[in-house]
Amino acid sequence: MKIETKVIHAGQSPEPTTGAIMPPIFQTSTFVQESPGKNKGYEYARKSNPTRTKLQDNLAALENGKYALAFGSGCGTMTTLLHLLKKGNHVVCCDDVYGGTYRLFTKVISNNGIDCTFTDLTNAQNLKKQIQKNTKLVWIETPTNPLLKLIDIEKISQICKSKNILCIVDNTFMSPYFQNPLDLGADIVMHSTTKYLNGHSDVIGGAIVTNNPELHDRLLFLVNAMGTIPGPFDSWLVLRGIKTLALRMKAHEQNALKIASFLEAHPAIEKVIYPGLKSHPQHALAKKQMRGFGGMMSIIVKGGLAPAKKLLEKTDLFSLAESLGGVESLIEHPAIMTHASVDKAIREKGGIVDGLVRLSIGIEHVDDLIADLKQALS
Ligand SMILES: *Cc1c(COP(=O)(O)O)cnc(C)c1O
């Protein structure tokens with residue numbers, strides 16, 4: 001089945017008692033049992049809920065995986081995943097990650113006796129250098145946030161496999177429409193469903209998909225033990241949003257390609273970072289491991305902070321806000337906003353300079369978006 005069909009049909013069937021084509025929002029905390037232990041597959045809604053099950057079955061199909069779990073946020077997803085680790089374990093993480101991921105590794109998990117090394121994994125050889133005896137997990141995000149560097153999922157997964165280390169890929173930026181990390185050898189793929197999967201900027205949520213039954217069982221136990229679940233209404237909203245994922249991703253990409261070319265030719269812009277541009281240093285890898293280039297781009301405004309701030313304040317259709325992946329276009333300043341939790345020295349060394357601006361290209365008409373950027377840059 002093609003993904004355009006899966007987003008609508010995978011894991012879905014009419015509700016048996018009424019024939020309702022859309023799944024009901026099972027807003028219930030518990031399920032009545034016939035006799036102790038004899039039930040219809042549901043006991044208590046922290047453990048499982050039929051609306052959430054529908055979402056999970058759909059997500060598993062989108063990522064070509066067998067098992068999926070949904071969470072109350074992307075961060076709740078990561079927190080649960082990191083509880084696969086024990087005191088004394090070591091993690092290697094790519095050096096340009098979502099600010100919240102960095103914060104979780106350096107300020108939360110570190111307190112539990114789990115060390116994390118951040119390194120540039122665009123060169124897979126760097127992973128080999130950082131692996132220690134106690135390395136149990138490699139965490140990558142590709143394209144990275146906000147610098148849109150690409151990491152070769154296949155190469156990294158191969159190294160992980162040879163050393164018996166888990167490889168987790170945060171696939172939030174591409175969504176399953178453009179990239180499927182499990183097919184490239186990753187053990188677990190994770191998403192902040194808050195972004196493209198839900199796509200309408202009205203839910204906070206997360207998800208993971210895997211093909212490994214043993215990992216799934218451990219995670220299922222953790223979800224129930226930790227309670228990092230989404231409610232039934234949010235599960236329903238994400239499932240509803242996913243139905244248009246294919247249409248939306250195509251539109252995000254079409255607009256992004258045109259806007260990237262426009263900005264690349266604009267005299268006020270020093271650099272445009274978008275994997276779909278030939279000028280992107282890893283354009284070839286982008287074409288190899290992704291089926292498209294997505295809707296995220298970063299630009300460096302000539303002159304640093306002052307002109308960058310002016311652009312951020314002057315756009316009209318591009319709203320100044322954190323987050324990404326919704327139908328509406330957003331613009332933000334990583335150094336002050338999404339990546340403020342990363343130390344300034346580390347941030348700047350990595351390339352998150354004061355002139356850097358990140359754009360989440362929405363699905364409005366591209367002519368209107370370009371006109372908005374033109375006036376804001378004038
Ligand atoms: C937003 C985001 C997260 C965190 O997800 P929340 O739903 O905000 O908790 C993790 N990774 C990436 C790449 C993100 O963009």
Side-chain angles (χ1 to χ4, degrees), residues 52 55 59 63 68-82 91 93-109 116 118 121 137-151 153 168-179 181 186 188-209 223 226-231 234-235 237-238 241-242 245 249 252 273 275 290 294-298 321-326 330-334 337-342 350 352 358-362:
R52 189 171 10 131
L55 169 62
L59 287 165
E63 281 290 9
L69 290 167
F71 294 84
S73 71
C75 284
T77 312
M78 298 190 279
T79 305
T80 311
L81 276 169
L82 293 175
V91 180
C93 181
C94 58
D95 63 356
D96 180 36
V97 266
Y98 179 69
T101 309
Y102 182 79
R103 181 174 55 201
L104 198 55
F105 279 124
T106 55
K107 303 219 163 84
V108 182
I109 297 301
C116 183
F118 295 89
L121 291 178
L137 180 74
V138 171
W139 187 284
I140 59 176
E141 217 179 283
T142 179
T144 63
N145 177 10
L147 296 169
L148 299 149
K149 296 194 280 185
L150 266 77
I151 296 171
I153 299 173
I168 300 187
V169 179
D170 183 337
N171 197 27
T172 300
F173 267 37
M174 278 302 114
S175 90
Y177 184 74
F178 285 130
Q179 178 168 271
I188 296 175
V189 51
M190 82 139 268
H191 286 276
S192 164
T193 55
T194 309
K195 318 294 169 49
Y196 287 109
L197 280 163
N198 180 60
H200 294 75
S201 306
D202 49 13
V203 173
I204 297 284
I208 52 182
V209 183
V223 173
M226 296 175 67
T228 41
I229 57 158
D234 282 358
S235 300
L237 279 171
V238 177
I242 286 174
L245 180 74
M249 293 315 292
H252 284 296
I273 311 169
M290 317 189 313
M296 295 302 297
M297 79 182 64
S298 289
E322 295 189 7
S323 199
L324 60 109
L330 301 180
I331 190 164
E332 69 110 7
H333 192 264
M337 297 166 70
T338 46
H339 290 66
S341 55
V342 182
I352 306 178
R358 191 187 75 180
L359 304 164
S360 172
I361 308 297

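Whatever order the structure lists them in is the order used to number ligands and atoms, beginning at 1. In what follows, residues are counted from 1 in the order of the sequence shown.
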Taken in chain and number order and not counting sequence neighbours, the residues that satisfy side chain to side chain contact (heavy atoms under 4.5 Å, CB included) with Ile204 are Ser73, Thr194
Every pair of nitrogen or oxygen atoms between ligand 1 and the protein that is under 3.5 angstrom apart - can you list them with their distances to 0.1 Å?
unit_1	atom_1	unit_2	atom_2	d
ligand 1	5 (O)	Ser192	OG	3.1
ligand 1	7 (O)	Gly74	N	2.9
ligand 1	7 (O)	Ser192	OG	2.9
ligand 1	7 (O)	Thr194	OG1	2.7
ligand 1	9 (O)	Gly74	N	3.0
ligand 1	9 (O)	Cys75	N	2.8
ligand 1	11 (N)	Asp170	OD2	2.7
ligand 1	15 (O)	Lys195	NZ	2.7

Just so I know, are the side chains of Asp96 and Pro146 near enough to count as touching, which here means a heavy-atom distance under 4.5 Å?
yes
Do His191 and Glu63 make a side-chain contact, defined as non-hydrogen atoms from C-beta onward lying under 4.5 Å apart?
yes
Name all pairs fulfilling the salt bridge (Lys or Arg N to Asp or Glu O under 4.0 Å) condition that reach into residues 196-209, sequence neighbours left out, sorted by first residue then second.
none
For Thr79, check side chain to side chain contact (heavy atoms under 4.5 Å, CB included) against everything at least two apart and list the hits.
His83, Leu104, Met226
Heavy-atom side-chain contact between Asn198 and Asp234 under 4.5 Å
no
